[in-house]
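To start, the structure under review is shown below, and the notes come after it.
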Amino acid sequence: MKALLLQQPGSVDTLTVGDAQIPTPGAGEIRVRVEAMGLNPVDYKLAGRGHAAWTYPHILGLDVAGTVDAVGQDATWQVGDRVYYHGDLTKPGGYAEWAITTADTTAAIPEGVDCVAAAAIPCAGLTAYQGIVRRLDVRAGQTVWVQGGAGGVGGFGIQICKHLGATVITTASPTNFDFVRSLGADHVIDYGSEDVVARIMQITNGRGVDAVQAAVDTTTANEGIEALAFAGAISCIAGLPILSDDTFAKAISLHKISLGAAHASDNREAQLDLARMATEMINLVRAGKIDTMVEEQIGLKDVPAGLARLETRHVRGKIVAEL
């Protein structure tokens with residue numbers, strides 16, 4: 001089969017298309033004929049540092065959509081089922097014509113949703129969903145600061161919060177103001193020229209926000225803590241804040257989101273919830289409540305260049321590769 005191969009840890013420009021053996025599913029696994037793959041920052045990060053569990057050449061790619069074409073023992077899917085999933089980063093991934101995944105962490109693609117849209121969801125969409133729905137428990141009437149609103153996690157976060165009836169404040173560059181407003185942002189702050197925390201306090205009449213989806217780094221996570229109202233909550237994806245006695249006095253809740261870590265855990269419920277969240281999210285997409293924000297569709301050979309653009313941290317929405 002054709003696959004995008006990483007010969008050893010290194011930059012994404014070392015990735016090359018080559019031949020690899022078609023994998024065979026084991027017990028509890030399915031093989032998917034890959035039709036579309038979502039690109040994510042975790043891909044270029046993993047390419048650079050590698051993983052102790054990998055053998056080389058390794059195949060990257062965590063977000064996959066396609067059709068089941070082989071089923072291992074005790075796996076519940078049928079050949080011909082359309083599915084999508086967020087894969088286990090310790091295993092060979094989906095930048096290939098075929099990929100293997102665990103059956104119980106996989107969700108069906110419903111009629112009316114294509115594989116490109118499905119492949120855009122898992123890493124960014126389920127990270128936002130887990131943080132906002134499962135951990136922060138955002139509710140109607142609350143105010144949420146979704147950081148980095150033009151990116152994948154931020155863009156999904158804005159839409160999920162609006163679906164739940166929350167008021168959304170987001171940060172973005174001026175070139176993306178219209179984009180984040182189209183996703184449902186009520187207030188947009190230019191992080192490059194404004195005092196973000198001061199603006200949030202102005203918008204909320206000095207109260208602060210009920211919740212923060214922190215998706216950028218430790219610095220912005222620290223700002224998220226500053227912007228929280230008493231008894232507020234923050235979910236952190238790419239950096240944890242520095243906690244202090246002042247944080248204690250605000251009685252906040254802190255949640256660390258690590259979506260794919262469920263695969264390697266011994267928490268069966270967390271593994272099954274990957275499939276449940278994927279089902280809940282794609283049903284929102286089918287109902288027109290969530291847009292998957294696919295800004296660019298590319299081929300397998302163009303994935304290295306797509307990942308290089310993601311490294312600039314200025315890509316809007318999602319990039320999806322098709323086979």
Side-chain angles (χ1 to χ4, degrees), residues 1-5 17-40 42-43 51 53-55 57-123 125-126 129-130 259-283 285-286 292 300 303 320-323:
M1 68 175 182
K2 296 298 181 184
L4 191 64
L5 303 176
V17 176
D19 293 320
Q21 186 173 357
I22 297 175
T24 301
E29 294 179 333
I30 56 174
R31 185 173 68 204
V32 176
R33 179 68 170 88
V34 179
E35 297 179 39
M37 305 147 288
L39 276 63
N40 296 289
V42 68
D43 295 326
H51 194 283
W54 294 355
T55 57
H58 178 72
I59 301 170
L60 296 165
L62 295 176
D63 289 359
V64 174
T67 303
V68 177
D69 85 334
V71 179
Q73 183 180 356
D74 299 325
T76 54
W77 295 97
Q78 302 294 317
V79 171
D81 288 342
R82 294 199 313 147
V83 297
Y84 87 112
Y85 63 88
H86 179 66
D88 182 348
L89 63 80
T90 68
K91 306 290 179 60
Y95 290 149
E97 292 180 295
W98 282 273
I100 299 291
T101 191
T102 44
D104 290 345
T105 59
T106 305
I109 302 174
E111 291 297 323
V113 180
D114 62 30
C115 282
V116 169
I121 298 170
C123 188
L126 299 188
Y129 193 89
Q130 185 178 69
L259 181 74
H263 284 289
S265 77
D266 59 1
N267 189 326
R268 179 67 172 160
E269 185 63 22
Q271 293 165 356
L272 294 173
D273 202 39
L274 290 175
R276 283 194 294 263
M277 290 190 296
T279 298
E280 291 165 19
M281 269 292 289
I282 206 162
N283 283 339
V285 170
R286 180 179 60 174
T292 57
L300 182 65
V303 168
V320 175
E322 290 184 90
L323 279 178

(request) Walk me through it: do Leu89 and Leu62 pass the test side chain to side chain contact (heavy atoms under 4.5 Å, CB included)? (result) CA-CA 7 Å; Leu89 63 80; Leu62 295 176; 3.8 Å; yes

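- Between Ala262 and Ser265 the shortest heavy-atom distance is O-OG, 2.8 Å.
- Asp88 contributes atom CG, which lies 10.0 Å from atom CG of Leu274 (distance to the nearest 0.5 angstrom).
- Contacts of Asp273 classified as side-chain contact (heavy atoms from CB on, under 4.5 Å), with partners at least two apart in sequence or in another chain: Arg134, Arg276, Met277.
- In this view, Glu97 satisfies the side-chain hydrogen bond (donor to acceptor under 3.5 Å, both in side chains) rule with no residue, not counting sequence neighbours.
- Within the 4.5 Å cutoff, the side chain of Leu126 has heavy atoms near those of the Met281 side chain.
- Residues meeting the side-chain hydrogen bond (donor to acceptor under 3.5 Å, both in side chains) test with Thr67, sequence neighbours left out: Glu35.
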Throw together a table of side-chain donor-acceptor distances under 3.5 angstrom for residues 20-31, partners on residues two or more places apart or in other chains.
unit_1: Glu29; atom_1: OE1; unit_2: Gly26; atom_2: N; d: 2.6
unit_1: Arg31; atom_1: NE; unit_2: Asp69; atom_2: OD1; d: 2.8
unit_1: Arg31; atom_1: NH1; unit_2: Pro23; atom_2: O; d: 2.9

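- Every residue two or more places apart in sequence or in another chain that forms a side-chain hydrogen bond (donor to acceptor under 3.5 Å, both in side chains) with Asp43 is listed here: Tyr95.
- At distances below 3.5 Å, not a single donor-acceptor pair connects side-chain atoms of His51 with backbone N or O atoms of Lys91.
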(request) Determine, step by step, whether Val68 and Gln78 satisfy the side chain to side chain contact (heavy atoms under 4.5 Å, CB included) criterion, reporting the C-alpha distance in whole Å, the side-chain angles of both residues, the deciding distance to 0.1 Å, and the verdict. (result) CA-CA 7 Å; Val68 177; Gln78 302 294 317; over 6 Å; no

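- Residue pairs that meet the side chain to side chain donor-acceptor pair (under 3.5 Å) test with at least one member in residues 105-114, sequence neighbours left out, are Thr102-Thr105.
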(request) Could you check Gln271 against Asp104 for side chain to side chain contact (heavy atoms under 4.5 Å, CB included), going step by step and ending with a plain yes or no? (result) CA-CA 7 Å; Gln271 293 165 356; Asp104 290 345; over 6 Å; no

(request) Show your working on side chain to side chain contact (heavy atoms under 4.5 Å, CB included) between Val116 and Glu322 and close with a plain yes or no. (result) CA-CA 7 Å; Val116 169; Glu322 290 184 90; 3.4 Å; yes

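- Note that the CG atom of Leu323 and the CE atom of Met37 stand 4.0 Å from one another [nearest 0.5 Å].
- To the nearest 0.5 Å, atom CG of residue Asp63 and atom NE2 of residue His86 are 6.0 Å apart.
- Under the side-chain hydrogen bond (donor to acceptor under 3.5 Å, both in side chains) criterion, Asp19 pairs with Lys2, not counting sequence neighbours.
- In this structure Ala264 satisfies the side-chain contact (heavy atoms from CB on, under 4.5 Å) test with no other residue, sequence neighbours excluded.
- Listed by chain and number, the residues in a side-chain contact (heavy atoms from CB on, under 4.5 Å) with Ala119 are Ala36, Ala65, Val320 (sequence neighbours excluded).
- Here Val64 pairs with Val32, Val34, Tyr85 under the side-chain contact (heavy atoms from CB on, under 4.5 Å) rule; sequence neighbours left out.
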